[in-house]
Amino acid sequence: MDQSLEKTDFIRDTIKKDYREGKFKKLHTRFPPEPNGYLHIGHAKAICLNFELAAEFGGQCNLRFDDTNPSKEESAYVNSIKKDIHWLGFSWGNREYYASDYFQKLYDFALDLIHKSKAYVCDLDADQIRQYRGTLTQPGQDSPYRKRSVEENLQLFENMRQGKYPDGAKVLRAKIDMASPNLNMRDPVMYRIMHQSHHRTGKQWCIYPTYDWAHGQSDSIEKITHSICTLEFEDHRPLYDWFLDQLDIHHPRQIEFARLNLTHMVTSKRMLKTLVEQNYVHGWDDPRMPTLSGMRRRGYPPQAIRNFCQAIGVAKSESTIEIEYLEHFVRQELNRKASRVMGVLDPLKVVIENYPQGESEQLDAVNNPEDPSAGKRKVPFSRVLYIERGDFMEDPPKKFYRLAPGREVRLRYAYFIKCIGVEKDSRGNITSLRCTYDPATKGGDAPDRRKVKATLHWVSAPHAVNADIRIYDTLFSRQGPGQDEDFMDSLNPQSLTVNNRCQLEPSLAAAKPGQIFQFERVGYFYVDDDSSDQRLVLNRTATLKDQWARIKKRKNSTKS
RNA sequence: UGGGGAGUAGUCUAGUGGCAGGACAUGCGGCUCUGGACCGUAGGGCGGAGGUUCGAAUCCUCCCUCCCCAGCCA
């Protein structure tokens, strides 16, 4: 690989170093989601990292569900997670694992620690354990049960497993150091009693391992070489290492990186759950959600998300990426792939007065100028058309070079038209435009080489189809929702508006759910599953970049 | 205040003692039958103070700011 193009970051550096030092032969990573919610864009960063690392170094990446807490986990989440990872374009072969697959092995490992006098059964309740733990600045105290004999611990632990105690009565703890400055080392809990049915093991167990006890050992069982996780687990690394060392089993290296944050978004599972459960959005796959299923339904191509994840890189400093950066990759991908069509969101009627009444014709339109193989299609033209209301101004300011009285513009793939009159209602609102067309400009070129400043999209009124277009904006109006206020307070009341006035070219009548189009000069639109033969429903994926909108915005802000 | 991390343009990120580079965003220009795309161009940065060195984003010292940890969550 070209040295200058080779990706580099601290994780890859570490892996290369480990490889040079012969610490492993084949890289093995894993993506370990807990099946207690839907995957979001933050997970995508971890998924891409783990799977791409494996691919780059000729290794493998496992999918492992971290299902150690039956009170929160459901198989419905398992399915959505698998679907989303596949959608992103990654596969884990037959290496679909569950921490719950290892419950027996973990139990045996625990026995081993008890035998080594490195773990004990503790009768303190949750409150008492907290008190004994000490504080950030004060050391903890040994549990009164810390000195139990190996035999007693073995018996008690067996009893725990047999279901002889109620929830919370006892726990199994590692025997490390109650005075450690790292709170995670102050005799952390390994097992808790939960008489709770598990989505995979059913009623087989009533004691469940904690994250700290399950994670490293699961990594080890799967012969993971590099266990990549987020920064908040940095404090846990000494414990991760301690368990593996005491057990003297395969020892992966844990590496921590900074999680992904995006402006105008939240990714905390608690907050996302609240949004769904209190119906602020229409489900986990609402196109405003930062979930992968939401983005899929919004029309974001998976490749755009992967490109984005590559571009943002991986580091240890906490960062918040502007949502515009993600949108850039969405547009980049869609620009190459999406078929162009014409659709008018805010219609203004135009009558071509010199075009024969009752007639129409079919004009050639290019489907995708970025992709000649996409071919051409026909669009009907007639005497009565719709153009975008915003494409006309009666009294245009300097930098506005679209249609205005007396002005000539081109209708894309059609003709030059000139505005010769404006019709208004009694309140002075413009109801329609009177125009003439130049038959010699058919197709969009003038034989006399004269130029026009603007090209407008349009739709023939008698041929137009209608639809519901869901116009999405960011779910939150603040850049960092929930940072200085309750996150619900910065919900954007404008995050969804439905437009049913639109007029679209007739080819859209055949659009099928899952298809995505560029409405020329407007944006990208994805055909939603809610569409039926009776009613087309489109989600606006993203707008096109719009120079005029920016000029307008700047003018308004300098005025005020 | 114990421990663990992090500070490079508006936002990400590269750099590992030798010209601070790239992407997004922004401005300007070009091109164009999408004010899209594309091409070109400009502005703007090493948290601070000392020190070592011919030379410091990089090494040393001190300081400042931010994040994480006191779940039987992950």
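Letters go in sequence order (proteins before strands), and every chain restarts at 1. Keep in mind it's a predicted model, so treat the numbers as computed, not measured.
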Mate of [N] where both pairing distances stay under 3.5 Å, Watson-Crick or G-U:
N	answer
rA70(B)	none
rU32(B)	none
rA9(B)	none
rG27(B)	rU41(B)
rG17(B)	none

Going by an N to O cut-off under 4.0 Å, is there a salt bridge joining [X] and [Y]?
X	Y	answer
D187(A)	K175(A)	no
R402(A)	D391(A)	yes
R12(A)	E56(A)	yes
D219(A)	R64(A)	yes
K72(A)	E34(A)	no
E73(A)	R200(A)	no

With [atom1] as the reference atom in both, quote the distance from [N] to [M] in angstrom, rounded to an integer.
N	M	atom1	answer
rA57(B)	rG17(B)	C1'	11 Å
rG51(B)	rC19(B)	C1'	25 Å
rG55(B)	rC69(B)	C1'	42 Å
rU58(B)	rG47(B)	C1'	16 Å
rG5(B)	rC59(B)	P	16 Å
rG22(B)	rA14(B)	P	15 Å
rU61(B)	rA6(B)	P	16 Å
rA25(B)	rU11(B)	C1'	8 Å

With nearest nucleotides of RNA chain B determined for T137(A) and D445(A) from heavy-atom distances, which residue corresponds to the more 5′ nucleotide?
-> T137(A)
Which whole-number value in Å describes the distance from [X] [atom1] to [N] [atom2]?
X	N	atom1	atom2	answer
F257(A)	rC12(B)	CZ	P	16 Å
L260(A)	rC12(B)	CG	P	11 Å
I255(A)	rG5(B)	CD1	P	14 Å
R12(A)	rG15(B)	CZ	P	12 Å
K316(A)	rU13(B)	NZ	C1'	17 Å
K553(A)	rA25(B)	NZ	C1'	12 Å
R237(A)	rG3(B)	CZ	P	17 Å
D9(A)	rG15(B)	CG	C1'	13 Å

When the ring centroid of Y300(A) is compared with that of Y526(A), is the distance short of 6.0 Å?
->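 They do not qualify: ring centres at least 6.0 Å apart.
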Regarding [X], tell me which of base, sugar-phosphate or nothing describes its non-hydrogen contacts under 4.0 Å with the strands shown.
X	answer
D364(A)	nothing
T263(A)	nothing
E234(A)	sugar-phosphate
Y208(A)	nothing

Using a cut-off of 4.0 Å between protein heavy atoms and nucleotide atoms, how would you tag nucleotides 34-41 of chain B 5' to 3' with B, S and -?
-> BBBS----
Heavy atoms under 4.0 Å is the rule here; annotate nucleotides 65-74 of chain B 5' to 3' with B where the base is hit, S where only the sugar-phosphate is, and - elsewhere.
-> --SBBBSBSB
State which residue, out of F65(A), W205(A), F103(A), fulfils the ring-ring contact (aromatic ring centres under 6.0 Å, His included) condition with H198(A).
->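 Running ring-ring contact (aromatic ring centres under 6.0 Å, His included) over F65(A), W205(A), F103(A) with H198(A) returns exactly one hit, F103(A).
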Is any side-chain N or O of S317(A) closer than 4.0 Å to OP1 or OP2 of rG5(B)?
->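 For S317(A), the contact criterion (side-chain N or O under 4.0 Å from OP1 or OP2 of rG5(B)) is not met.
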Go through the structure and list residues passing ring-ring contact (aromatic ring centres under 6.0 Å, His included) with F243(A), not counting sequence neighbours.
-> W213(A)
Torsion-based syn/anti label for rG55(B), 90° from 0 as limit | anti
Plane angle bin for F233(A) and H236(A) - parallel if under 30°, tilted between 30 and 60°, otherwise perpendicular |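 H236(A) and F233(A): perpendicular rings.
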Quick one: does D167(A)'s side chain have a donor or acceptor within less than 3.5 Å of a partner on H195(A)'s backbone?
-> yes
Evaluate the criterion side chain to side chain donor-acceptor pair (under 3.5 Å) for residue pair R30(A) and S227(A); output intermediate values, then yes/no.
-> CA-CA 7 Å; R30(A) 104 268 90 115; S227(A) 176; 3.1 Å; yes
